[in-house]
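The structure under discussion appears below in the form of structure tokens.
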Number of protein chains: 2
Amino acid sequence: MHYEPDTLFFNQLSLFQRLYARSLSSRLAPLGVHPGYLGVLHYLWQADGVTQKTLNQVMAVEQATLSNTLKRMERDGLISRTPNAEDKRHHIISLTPRAATLKPQVMQAIGDLRATVNTGLTVSDRRYFKRIMHQMTEQLESDQSDPLFLLLDEIPE
Amino acid sequence: MHYEPDTLFFNQLSLFQRLYARSLSSRLAPLGVHPGYLGVLHYLWQADGVTQKTLNQVMAVEQATLSNTLKRMERDGLISRTPNAEDKRHHIISLTPRAATLKPQVMQAIGDLRATVNTGLTVSDRRYFKRIMHQMTEQLESDQSDPLFLLLDEIPE
DNA sequence: ACAGTTTACATAGCGTGCTATACACGTAAC
DNA sequence: GTTACGTGTATAGCACGCTATGTAAACTGT
């Protein structure tokens with residue numbers, strides 16, 4: 001029975017993403033960092049002490065996802081959430097001292113993996129790849145909102 | 001505060017994969033199919049009535065993941081697991097009549113999304129993209145096994 | 001001032017992946 | 001034939017994403 005191996009683009013894409021996450025995870029684990037934390041760390045290393053809302057505006061995940069990620073990061077001693085007296089609805093999220101010092105090691109791990117993945121590829125290969133991925137991402141973003149727009153068009157004045 | 005938007009390749013990749021899954025999901029939902037079922041369906045449409053082990057050998061997921069996926073598919077009335085009298089350790093997995101008829105509609109949904117995503121891209125763009133992704137995937141696969149090989153090298157005779 | 005809305009965040013429940021471990025059945029060795 | 005090992009599958013527990021919904025604080029209009 002010669003079954004053609006999985007040719008569905010989606011499955012190949014999923015596999016690629018999962019392998020990337022696994023390799024990242026094994027490099028970050030010794031630092032107590034999970035791949036899902038990267039976006040938050042990356043932002044806070046640039047601008048520490050912001051609200052969840054601010055973070056959410058630049059991170060491409062849903063609010064509930066971010067809320068849960070922050071909870072795990074707090075549990076793992078990477079961030080703290082200090083209540084804001086001015087407006088008790090939001091808290092200020094800041095890096096713990098330990099997390100603040102982690103940047104070079106995390107960046108090293110990321111760079112190391114990037115180099116591994118890029119083995120055998122030229123600079124223009126990578127650029128081309130990212131450009132196409134970006135373009136496809138935009139198509140998907142408009143695909144998600146399409147039904148909404150269609151509905152809006154149908155609303156009478 | 002002009003924060004440069006998320007430039008980590010891993011995060012862009014994750015976003016792309018998640019958007020793809022979301023778009024797929026919205027197209028498959030009316031059929032009672034989830035994206036995670038696609039690999040199983042795709043195989044069984046070609047060769048129905050196999051063991052979990054066989055499926056596992058061609059699907060790039062862990063055994064435990066497949067086991068859980070099959071449980072959900074059984075719950076959703078897509079497959080049945082009939083006990084094997086010869087060897088009671090494994091069951092024979094087969095499509096339900098309903099699942100067997102679903103192929104054209106699922107393929108239609110996949111093709112539809114593919115067309116959407118490919119908007120504005122040439123055939124050679126897609127081929128190039130897939131080739132690079134494939135190459136990176138192979139690098140990641142060898143990355144995962146590297147530590148093992150290194151250890152093996154260190155084992156004295 | 002207080003009723004209703006909006007805002008910021010948390011929680012519930014689920015899909016899909018992972019690792020580690022349990023378990024039941026089959027096989028082989030003694 | 002029991003002991004030991006191997007095989008096939010299931011389960012436990014977690015990461016990380018989603019949608020839908022809850023909740024408390026702030027704001028707004030009358």
Side-chain angles (χ1 to χ4, degrees), chain A residues 10-11 13-26 28-29 32-40 50-57 59-76 78-79 81-93 140 144, chain B residues 10-11 13-26 28-29 32-40 50-57 59-76 78-79 81-93 140 144:
Chain A
F10 172 70
N11 288 347
L13 174 61
S14 293
L15 175 62
F16 179 43
Q17 192 275 335
R18 278 153 38 215
L19 289 174
Y20 211 111
R22 266 211 262 185
S23 284
L24 248 190
S25 187
S26 67
L28 295 178
V33 172
H34 291 285
Y37 300 172
L38 283 183
V40 176
V50 296
T51 66
Q52 186 183 124
K53 170 114 215 247
T54 305
L55 260 180
N56 213 155
Q57 276 156 358
M59 292 187 49
V61 294
E62 296 300 316
Q63 177 267 321
T65 299
L66 179 54
S67 178
N68 282 321
T69 298
L70 292 174
K71 195 198 288 181
R72 288 193 311 271
M73 291 182 75
E74 190 171 31
R75 178 203 63 192
D76 294 352
L78 293 171
I79 60 156
R81 286 187 275 193
T82 55
N84 185 337
E86 319 257 319
D87 186 333
K88 290 180 196 164
R89 282 172 306 179
H90 54 238
H91 298 202
I92 301 298
I93 298 162
L140 287 170
Q144 312 258 316
Chain B
F10 172 69
N11 287 347
L13 174 61
S14 292
L15 175 61
F16 179 44
Q17 192 275 334
R18 278 154 37 215
L19 289 175
Y20 211 112
R22 265 213 263 186
S23 284
L24 248 189
S25 187
S26 67
L28 295 178
V33 172
H34 292 284
Y37 301 172
L38 284 183
V40 175
V50 296
T51 66
Q52 186 184 124
K53 170 110 216 251
T54 304
L55 259 180
N56 212 157
Q57 275 156 359
M59 291 188 51
V61 294
E62 296 301 316
Q63 178 267 322
T65 300
L66 179 54
S67 178
N68 281 321
T69 299
L70 291 174
K71 196 199 287 182
R72 276 180 277 119
M73 291 181 75
E74 189 171 30
R75 178 202 63 192
D76 294 351
L78 294 171
I79 60 156
R81 285 187 276 194
T82 55
N84 185 338
E86 320 257 319
D87 187 334
K88 289 179 195 163
R89 282 172 304 180
H90 54 237
H91 298 200
I92 300 299
I93 298 162
L140 287 170
Q144 313 258 316

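Chain A is the first sequence line, chain B the second, and so forth, proteins listed ahead of strands; every chain is numbered from 1.
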>> Is any side-chain heavy atom of A:H34 closer than 4.5 Å to one of A:R72?
In response: no

> Given that B:T69 and A:Q63 both sit by DNA chain C, which one's nearest nucleotide is further toward the 5' end?
Replying inline: A:Q63

> For DNA chain D, whose closest nucleotide is more 5', that of B:S67 or that of A:Y37?
Replying inline: B:S67

> Counting just side-chain N and O atoms, does A:T65 come under 4.0 Å of either OP1 or OP2 of D:dC18?
Replying inline: yes

> Rounded to whole angstroms, how far apart are NE2 on A:H90 and P on D:dA25?
Replying inline: 13 Å

> Considering only heavy atoms from C-beta outward, does the side chain of A:L15 approach that of A:N11 to under 4.5 Å?
Replying inline: no

> With a 4.0 Å cut-off on heavy atoms, is B:E62 in touch with a base, just the backbone sugar-phosphate, or nothing at all?
Replying inline: base

>> Without decimals, in angstroms, what is the distance between A:H34 NE2 and D:dG17 C1'?
In response: 15 Å

> Stepwise, does the side-chain contact (heavy atoms from CB on, under 4.5 Å) test hold for B:D76 with B:Y37?
Replying inline: CA-CA 11 Å; B:D76 294 351; B:Y37 301 172; 2.6 Å; yes

> Can you check whether A:R75 has a side-chain N or O nearer than 4.0 Å to OP1 or OP2 of D:dA15?
Replying inline: yes

> So, is A:R72 close to the D:dC16 phosphate, meaning a side-chain N or O under 4.0 Å from OP1 or OP2?
Replying inline: yes

>> Please compare B:G36 and A:D87 by the position of their nearest nucleotide in DNA chain C and report the one closer to 5'.
In response: A:D87

> For B:Q52, which of B:Q57, B:H91, B:Q63 qualifies under side chain to side chain contact (heavy atoms under 4.5 Å, CB included)?
Replying inline: B:Q63

> B:R89 has a side chain; which of D:dT11, D:dT7, D:dA25 sits nearest to it?
Replying inline: D:dT7

> Can you check whether A:T69 reaches A:M59 side chain to side chain, under 4.5 Å on heavy atoms?
Replying inline: no

>> Counting only side-chain heavy atoms from C-beta out, which of D:dG8, D:dT19, D:dT11 sits nearest to A:A64?
In response: D:dT19

> For the pair made of CG in A:L78 and P in D:dC16, what is the distance, rounded to whole Å?
Replying inline: 11 Å

> Which part of the nucleic acid, if any, lies within reach of B:S25 when heavy atoms closer than 4.0 Å are counted: base, sugar-phosphate only, or nothing?
Replying inline: nothing

>> I need the CZ-P distance between B:R18 and D:dC16, as an integer number of Å.
In response: 12 Å

> Considering only side-chain heavy atoms of B:R22, which listed nucleotide, D:dT19, D:dA26, D:dA15, is closest?
Replying inline: D:dT19

> Stepwise, does the side-chain contact (heavy atoms from CB on, under 4.5 Å) test hold for A:K53 with A:H90?
Replying inline: CA-CA 8 Å; A:K53 170 114 215 247; A:H90 54 238; over 6 Å; no

> First contact, last contact: which nucleotides of DNA chain C are these for chain A, 5' to 3', heavy-atom distance under 4.0 Å?
Replying inline: C:dT7 to C:dT19

>> Rounded to whole Å, how long is the line connecting atom CG of A:L66 with atom P of D:dT19?
In response: 14 Å

> Is there side-chain contact between A:R81 and A:K71, with at least one heavy-atom pair below 4.5 Å?
Replying inline: yes

> Once you round it to whole Å, what is the distance between P of D:dA15 and CD of A:Q17?
Replying inline: 17 Å

